Amino acid sequence: MAEVALDAVRRELREFPAAVRELSVPLSVPYLDEPPTPLHFYRDWVCPNRPCIIRNALKHWPALQKWSLPYLRTTVGSTEVSVAITPDGYADVVRGDRFVMPAEHRLPLSHVLDVLEGRAQHPGVLYVQKQCSNLPTELPQLLPDLEPHVPWASEALGKMPDAVNFWLGEAAAVTSLHKDHYENLYCVVSGEKYFLLHPPSDRPFIPYEIYTPATYQLTEEGSFTMVDEEAMEKVSVWFQGPREGKGCPGSRWTHWLQIWLSTPVTVRPRLFAVRCGLVRCSTCQPCGSTMSSSPMPALL
């Protein structure tokens, strides 16, 4: 009898994630035709950690009309930016028993644009992906093209963004499964970006391991080596996921504004796609491919 009861418990646990999705995760992501009020945004999307796609949220931003590769080349082409470089496009990735971070070089943005357009070659995959408010610090010339924050979101969350980031990458650029301690807003100005999101009920099925930190180094011959960060303690990470996504355990109400240009974009919490818009991912559990754990809201 004990074994029968244990089998019943195991069966219920296996079926639990599907039941949770039926109750709390929509099969399709709802679209809003205009930005919500701060109260509605907080009540309907932030608190329940549910996804949405919001149209007409940023159409007043000049960046949506102005930003293109030629415009960036003219405006900030000579500016050096921090660029993550990996052999295969996977940054912050598990390789064996190592958690490997990308090599980081300072390159003129025009060189990154040349690589994206096929005018130049560079070893590995390039990705402008800093998370330390690199838009105002590295590319302040672009600030007049957009608002420094999204007013209704900032009011809902009770604070201004801690960071405003500019991301620019090739189609091969992929961020591994992870979680963020932030409420995030994503605006895709051009291109496509893919998110794979896991609901909190998936947590027991996501491997969580301890890895030795390492960093890719690019040699003069153009090959990559892994160098252990011996001075650093071992770090805990979520096992690598397939594509892009993000998640936030929301320990405090704070958020980032991420701005991507010419990245592969599609947003989905399991089965949904979005093109060019502002995407918000809020969750309190590990996330999908790069960020969230519950279904996710977005804005077009």
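As the structure is a prediction and not an experimental result, all values here were calculated from the model. What you see below is based on every heavy atom in this structure, not just the backbone, and it leaves out hydrogens, waters and symmetry mates.
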| said: Hydrophobic clusters here meaning ILVMFWY residues chained together by side-chain heavy-atom distances under 4.5 Å, can you tell me if Leu139 and Val189 are in one? | reply: yes
| field | Verify same cluster id: Leu142, Leu113 (apolar side-chain graph, 4.5 Å) | value |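 Yes, same cluster.
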Whether [X] side chain and [Y] backbone form a donor-acceptor pair below 3.5 Å:
| X | Y | answer |
| --- | --- | --- |
| Trp152 | Pro36 | no |
| Ser110 | Gly77 | yes |
| Asp92 | Met101 | no |
| Asp228 | Ala214 | no |
| Glu170 | Tyr127 | no |

Under a 4.5 Å cut-off applied to non-hydrogen side-chain atoms, are [X] and [Y] in contact?
| X | Y | result |
| --- | --- | --- |
| Val128 | Ser82 | no |
| Val115 | Gln121 | no |
| Glu34 | Arg55 | no |
| Leu143 | Leu135 | yes |
| Ile85 | Phe224 | yes |
| Phe99 | Thr215 | no |
| Leu146 | Trp67 | yes |

| Minimal non-hydrogen separation, Ala153 against Leu185, with atom names |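 For Ala153 versus Leu185, the nearest heavy atoms are CB-CD1, 3.6 Å.
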| task | Look at Glu138 together with Arg106 and state whether they make a salt bridge at an N to O cut-off of under 4.0 Å. | result | yes
| task | List the steps and the verdict of side-chain hydrogen bond (donor to acceptor under 3.5 Å, both in side chains) for Trp61 and Asp145. | result | CA-CA 6 Å; Trp61 280 16; Asp145 296 338; over 6 Å; no
| query | Around atom CD of Glu15, are there more than 12 heavy atoms of other residues, nucleotides or ligands at under 6.0 Å? | reply |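 More than 12 heavy atoms, drawn from other residues, nucleotides or ligands, come within 6.0 Å of this atom.
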